[in-house]
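Side chains are part of it too, since the values below use all heavy atoms of this structure and drop only hydrogens, waters and symmetry mates.
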Amino acid sequence: MSIISHITLGTNDYERASAFYDAVLKPLGLARVPKPPGKPPLYAKDNQMPFLYLYKPFDGRPATWGNGTHVAFNAESREAVDEFYAEALANGGADEGAPGLRVHYGPNYYAAYVRDPDGNKLQAVCYE
């Protein structure tokens, strides 16, 4: 069992967020889990934890991002990192660091950073 149950990211628009995450998580092997209509989007790899939920804030205020926080996804290949990045930019995301080696983290640390349409910072990383 994973030590992490789930991650929740805030969104202000389920349709826009779903289109973005459907595209960017596919190269990483994650897919939207079927849920009844009206339920917030949920993503997983092979329907297993950890899960990624997208929710509108319960307090009714707009969703905002955390400065200094991000979610990092494991990628099985450098090509998957590249595709994650390209899909993010093609689906309303913003560049936070193009794909490439980050040798200050390790000799094989290949990563890309983006922001989703709500401003949440995401990373895909491959250690091969």
Side-chain angles (χ1 to χ4, degrees):
M1 174 188 291
S2 171
I3 194 165
I4 296 175
S5 166
H6 64 278
I7 296 165
T8 300
L9 294 175
T11 185
N12 296 302
D13 183 331
Y14 286 137
E15 187 174 321
R16 179 185 68 187
S18 295
F20 177 85
Y21 282 94
D22 286 352
V24 302
L25 295 179
K26 184 177 180 180
L28 306 178
L30 283 86
R32 193 177 340 171
V33 175
K35 293 178 74 180
K39 295 288 184 179
L42 162 65
Y43 294 85
K45 187 170 189 172
D46 301 323
N47 289 335
Q48 301 292 312
M49 288 182 186
F51 298 124
L52 174 67
Y53 287 94
L54 304 175
Y55 270 94
K56 292 181 180 178
F58 287 114
D59 65 6
R61 296 185 324 191
T64 59
W65 49 271
N67 187 22
T69 61
H70 74 271
V71 176
F73 298 97
N74 276 322
E76 293 182 6
S77 68
R78 291 179 181 190
E79 292 78 16
V81 172
D82 295 344
E83 191 174 344
F84 161 88
Y85 179 81
E87 288 292 346
L89 298 186
N91 285 279
D95 170 52
E96 282 286 320
L101 284 170
R102 306 302 198 274
V103 294
H104 54 285
Y105 294 132
N108 296 316
Y109 196 100
Y110 188 87
Y113 298 85
V114 299
R115 290 210 182 255
D116 76 6
D118 290 292
N120 296 300
K121 190 171 183 179
L122 309 172
Q123 173 190 14
V125 59
C126 177
Y127 298 94
E128 73 173 28

* side-chain contact (heavy atoms from CB on, under 4.5 Å) between L52 and K45, worked out -> CA-CA 10 Å; L52 174 67; K45 187 170 189 172; over 6 Å; no
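Applying the salt bridge (Lys or Arg N to Asp or Glu O under 4.0 Å) definition to pairs two or more places apart or across chains, those involving residues 49-74 are D59-R61. Applying the side-chain hydrogen bond (donor to acceptor under 3.5 Å, both in side chains) test to pairs two or more places apart or on separate chains, those with a residue in residues 118-127 are T11-D118, N12-D118, R16-D118, H70-Q123, Y109-Q123, Y113-Q123, D116-N120.
Using bins of under 30°, 30° to 60° and over 60° for the plane-to-plane angle, the ring pair Y53/F51 lands in the perpendicular bin.
F84 and A112 get closest at one heavy-atom pair: CE2-O, 4.1 Å. Summarising the geometry of V81 relative to A75, their closest heavy-atom pair is CG2-CB, 3.5 Å, with the distance given to 0.1 Å. A pairwise comparison of heavy atoms in Y110 and L101 identifies CD1-N, 3.7 Å as the closest pair. The minimum heavy-atom distance between L42 and K35, with the atom names listed, is CB-CD, 3.6 Å. Here the closest non-hydrogen pair linking P27 and A80 is O-CB, 3.5 Å.
For the residue pair D95/Y85, the side-chain donor-acceptor check at 3.5 Å is satisfied.
Separation of atoms CG (L25) and CZ (F20) is listed at 8.0 Å; rounding is to 0.5 Å.
Legend: residues meeting salt bridge (Lys or Arg N to Asp or Glu O under 4.0 Å) with E79, ordered by chain and number and at least two apart, are absent.
In this structure, V125 and Y105 have side chains that are not in contact, with every pair of non-hydrogen atoms separated by 4.5 Å or more.
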